[in-house]
Structure formats: C-alpha cells, structure tokens
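Reading through the structure tokens given below for one structure.
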Amino acid sequence: MSPTNGQFEGKDFWESNPDFDALVERTRNPDSLERWAAIFELGERGDARAADRLRLLTSDSDEFVRDAARSALAKINVEVLRESGTLEADGSTCVTRARRMRTHLDAPVYTAWKTRPVPTPSRGGTWVIHTVVQEIVEVEGPVTGGRVLSLYCRAVSPNTMSQVPHAPIRSAIERLVKKGKLVRCDDFSSDKVEEWTLQRVGSPCACVRQRGLRELKEIPATEVREALLSMAGPAARRRGLDHERAFELIVSFYAAEKELEKIGLLLTNQWRGLLNA
C-alpha cells in the first residue's frame with residue numbers, strides 16, 4: 001500500500017462528514033490508502049448503496065483494499081441480520097461472565113490487528129490516521145490506548161518505533177472519543193491516553209480472551225477483572241478481591257510465573273481499579 005501525503009484542500013476530509021458521493025469518489029483515488037480509508041467509512045454507513053460499491057472494491061488491485069471491502073461487507077450483513085432480530089450479539093469471540101474459566105486458554109482466541117503499511121502520523125491526513133485507529137479498536141477492542149499507539153507505530157516503522165511521533169495518534173484517539181466514534185471503558189481516573197480502555201460504540205466493555213501476543217500491560221483492567229471473578233466465583237463478586245488474592249489468580253490465569261514483578265506493578269498502578277470494584 002502506497003503512502004499518502006494526506007493533505008486536503010480546506011477543511012480536513014474527516015471533519016467535513018463526507019456524504020456518500022464524496023466517499024465513492026475517494027474509492028477511486030489512485031492512492032490505495034485513501035481508498036482503504038473510504039471503504040472503512042462506507043462500512044460504517046451500512047446501507048444498500050454502500051454494499052453495492054463495496055462489492056466492486058473486492059476486486060481492487062490492492063490486497064488491503066480488497067480485504068477491507070470484504071470485511072466491510074461482512075459487517076453490513078451482520079448489522080442487517082441483527083437489526084432484523086435474526087442474529088443475537090456474537091458471543092463466540094467474547095466471554096463476559098458466561099462461564100467459569102480456569103486459565104486464559106479456556107477463553108476465545110484473541111484476534112490481533114493485521115499490520116499494514118500506514119502513513120507517518122506527522123505527514124498523514126487526519127482522516128486516514130483516525131481510520132487506522134478505528135480499525136485497530138474494531139478488531140482488537142476492548143483495547144488499551146497504549147496498545148493502539150504501539151500497533152500504529154509498529155506498522156509505520158517496526159525497527160524504530162520510538163522515533164514515530166505519538167502526539168497525532170493520541171490526538172486522534174481523543175477526538176474519536178469526543179465525537180462519540182469510540183467509547184472509553186476504563187474508570188476515567190487517568191488523562192493519559194495510554195491508560196484508557198477503548199471500544200466501539202455498543203460493544204461490550206469487558207471481554208475475556210486468550211492473552212495472544214499481548215504484553216500483560218496491554219490487557220485492559222476490565223478484562224482482567226472479569227477473568228479473576230470467573231475464577232474466584234460469585235462470592236468474590238460480592239466481596240471484591242484483595243491485592244494478594246488478585247495477584248495469585250492473575251499469575252495462575254495467564255501462566256505468568258516469570259512475570260511476577262510486572263504483575264505487582266500493574267496491580268499497584270494500571271490495574272489498581274479492578275480491586276474491590
């Protein structure tokens with residue numbers, strides 16, 4: 001996928017709330033990243049006209065554009081079925097107190113965002129940056145802001161992630177939350193984007209899954225809490241969990257015997273809100 005300078009005349013395209021015709025025009029852009037971003041927005045529209053255009057884009061010359069078109073079509077089909085009452089909320093990829101689990105391997109597999117070429121935040125247009133952030137949250141949510149930042153930077157430059165500008169990505173996350181495109185599922189005690197838990201509107205805020213490739217600090221506190229309560233049972237839900245018991249359960253659930261120091265620090269800082277909550 002080719003890079004884009006992301007510069008638009010006048011008001012940024014994302015802020016202009018583009019109509020259907022403007023999005024269709026973007027799907028004809030020579031820059032494949034612009035086409036990909038337009039497809040994501042068409043999938044959000046979720047109507048028959050969008051579906052017709054997306055079907056054509058499943059034959060695009062770029063593999064990421066083709067994948068995005070297929071994913072957007074699948075999302076439209078699911079929403080249509082759900083609105084008609086023939087499809088319940090999907091529980092196959094998310095456990096929310098549904099059953100007792102002894103280890104994270106008892107939970108559904110964690111679906112990781114598929115890394116793809118993205119623009120350097122300092123040069124990319126706001127619209128494209130916002131779309132990348134939204135797609136990461138859609139695929140991996142509930143997801144920490146820190147992991148969103150890490151995945152974006154890894155996609156830009158896996159060998160020099162620390163040199164990728166973080167400010168535009170943080171700004172994109174803040175603006176998406178403010179506009180109601182994403183929701184925060186954390187306890188709102190932190191102003192640091194890295195410590196937020198992000199999810200799509202209308203999706204569960206607590207979703208227990210296997211650890212996957214995530215570092216412990218990248219697992220949302222809401223997910224850890226539900227995992228612990230699943231192990232500890234109803235009594236713990238009434239009384240809460242003390243620090244020592246939570247520590248033991250986390251080590252056991254995530255088979256993290258080699259990460260004891262990390263767990264201690266997380267319980268003191270990032271996960272402190274899950275105790276006695």
Self-check item: Shared hydrophobic cluster, W36 / L56 (ILVMFWY, side-chain heavy atoms < 4.5 Å)
Solution: no
Quiz item: Does E223 reach the main-chain N or O of R209 with its side chain, forming a donor-acceptor pair under 3.5 Å?
Solution: yes
Quiz item: If Ile, Leu, Val, Met, Phe, Trp and Tyr residues are connected whenever their side-chain heavy atoms lie under 4.5 Å apart, and connections chain through other members, are W127 and F20 in the same group?
Solution: yes
Quiz item: Within a strict 4.5 Å, meaning less than it, do heavy atoms of the E218 and L213 side chains meet?
Solution: no
Quiz prompt | Closest non-hydrogen atom pair, L216 against A256 | solution = CD1-CB, 4.3 Å
Quiz item: Any donor and acceptor pair, going by atom type alone, linking the side chain of T160 with main-chain N or O of Q163 inside 3.5 Å?
Solution: no
Exercise. State whether the side chain of D106 and the backbone N or O of T103 hold a donor-acceptor pair below 3.5 Å, judged by distance alone.
Key: yes
Quiz item: With distance as the sole test, does D186 use its side chain to make a donor-acceptor pair with the main-chain N or O of T197 at under 3.5 Å?
Solution: yes
Quiz item: Shared ILVMFWY cluster between F40 and V183, side chains joined below 4.5 angstrom?
Solution: no
Quiz item: At their closest point, which heavy atom of V208 faces which heavy atom of A107, and how far apart are they?
Solution: O-CB, 3.8 Å
Quiz prompt | Rounded distance [0.5 Å steps], CG in L267 versus NZ in K262 | solution = 14.5 Å
Quiz prompt | Within one Ile-Leu-Val-Met-Phe-Trp-Tyr cluster: M161 and I136, side-chain cutoff 4.5 Å | solution = no
Quiz item: Is there a side-chain contact between S252 and M231 (heavy atoms, below 4.5 Å)?
Solution: yes
Quiz item: When you look at C153 and I169, which way does the side-chain contact (heavy atoms from CB on, under 4.5 Å) test go after all the steps?
Solution: CA-CA 9 Å; C153 293; I169 308 171; 4.1 Å; yes
Quiz item: Would E135 and T131 satisfy side-chain contact (heavy atoms from CB on, under 4.5 Å), going step by step from the backbone distance to the final call?
Solution: CA-CA 6 Å; E135 190 194 48; T131 303; 5.6 Å; no
Self-check item: Within 45° cone of Y110 ring axis and under 6.0 Å: R211 NZ or CZ
Solution: no
Practice problem: Could you check if a side-chain atom of K114 sits within less than 4.5 angstrom of a side-chain atom of F64, using non-hydrogen atoms only? | Solution: yes
Quiz item: Side chain of T27, backbone of R35: donor and acceptor closer than 3.5 Å?
Solution: no
Quiz item: Under the side-chain contact (heavy atoms from CB on, under 4.5 Å) criterion, do V132 and W113 qualify, and how do the steps go?
Solution: CA-CA 10 Å; V132 174; W113 180 66; 4.2 Å; yes
Practice problem: Using atom types as modelled and distance alone, determine if a side-chain donor or acceptor of W196 lies under 3.5 Å from a backbone N or O of C185. | Solution: no
Exercise. Hey, could you give me the NZ/CD distance between K181 and E138, rounded to the nearest 0.5 Å?
Key: 11.5 Å
Quiz item: With a distance cut-off below 6.0 Å to the six-membered ring centre and an angular limit of 45° from the axis, does R184 pair with F188 as a cation-pi contact?
Solution: yes
Quiz item: If two hydrophobic side chains count as joined below 4.5 Å and joins carry through other members, does L228 share a cluster with L265?
Solution: no
Quiz item: Does any non-hydrogen side-chain atom of T268 lie less than 4.5 Å from one of H243?
Solution: yes
Self-check item: R245 with D242: basic N within carboxylate O range, under 4.0 Å
Solution: no
Exercise. Determine, for F253 and R102, whether the Lys NZ or Arg CZ falls below 6.0 Å from the six-membered ring centre while staying within 45 degrees of the axis.
Key: no
Exercise. Give a yes or no on whether E257 atom CD has more than 12 heavy-atom contacts from other residues, nucleotides or ligands under 6.0 Å away.
Key: yes
Quiz item: Can any side-chain N or O of R272 pair as donor or acceptor with the backbone N or O of N269 at less than 3.5 Å?
Solution: yes
Self-check item: Derivation of the salt bridge (Lys or Arg N to Asp or Glu O under 4.0 Å) call for R49 and D52
Solution: CA-CA 5 Å; R49 288 197 306 165; D52 288 341; over 6 Å; no
Quiz prompt | Side chain S150, main chain G146, donor-acceptor under 3.5 Å | solution = no
Quiz item: So which heavy atom on L198 is nearest to which on G145, and how close?
Solution: CD1-CA, 4.1 Å
Self-check item: D191 CG: over 12 foreign heavy atoms closer than 6.0 Å
Solution: no
Quiz item: Looking only at heavy atoms, what is the nearest atom pair of Y152 and P121, with distance?
Solution: CE2-CG, 3.6 Å
Practice problem: Mind checking the CZ-CG spacing from R70 to L57? Nearest 0.5 Å is all I need. | Solution: 11.5 Å
Quiz prompt | Ion pair check, E63 and R66, cut-off under 4.0 Å | solution = no
Self-check item: Which atom of S189 lies closest to which atom of D187, heavy atoms considered
Solution: OG-OD1, 2.7 Å
Quiz item: To the nearest 0.5 Å, what is the distance between CZ (R28) and CG (L23)?
Solution: 11.5 Å
Practice problem: Calculate, to the nearest 0.5 Å, the distance between atoms CZ and CD1 belonging to R175 and I129 respectively. | Solution: 9.0 Å
Exercise. Might you point out which heavy atoms bring P142 and P220 nearest each other, and give the distance in Å?
Key: O-CG, 3.5 Å
Quiz item: Between the main-chain N or O of P204 and the side-chain N or O of Q199, is there a donor-acceptor pair closer than 3.5 Å?
Solution: yes
Exercise. May I have the step-by-step check of salt bridge (Lys or Arg N to Asp or Glu O under 4.0 Å) for E44 and R200, ending in yes or no?
Key: CA-CA 11 Å; E44 294 288 290; R200 300 286 290 174; 2.6 Å; yes
Quiz item: Are any of the side-chain heavy atoms of Y254 and I263 separated by less than 4.5 Å?
Solution: no
Quiz item: Do E34 and V128 have side chains that get closer than 4.5 Å, going by heavy atoms?
Solution: yes
Self-check item: Residues R170, E194: salt bridge by 4.0 Å N-O rule
Solution: yes
Quiz item: Out of curiosity, I250 CD1 to L266 CG, how far, rounded to the nearest 0.5 Å?
Solution: 8.0 Å
Quiz item: Short question: side chain of S230, backbone of E226 - any donor-acceptor pair under 3.5 Å?
Solution: no
Quiz item: Salt bridge or not for D67 and R116, using N-O below 4.0 Å?
Solution: no
Exercise. Walk me through it: do E215 and R147 pass the test salt bridge (Lys or Arg N to Asp or Glu O under 4.0 Å)?
Key: CA-CA 9 Å; E215 297 182 32; R147 181 161 173 82; over 6 Å; no
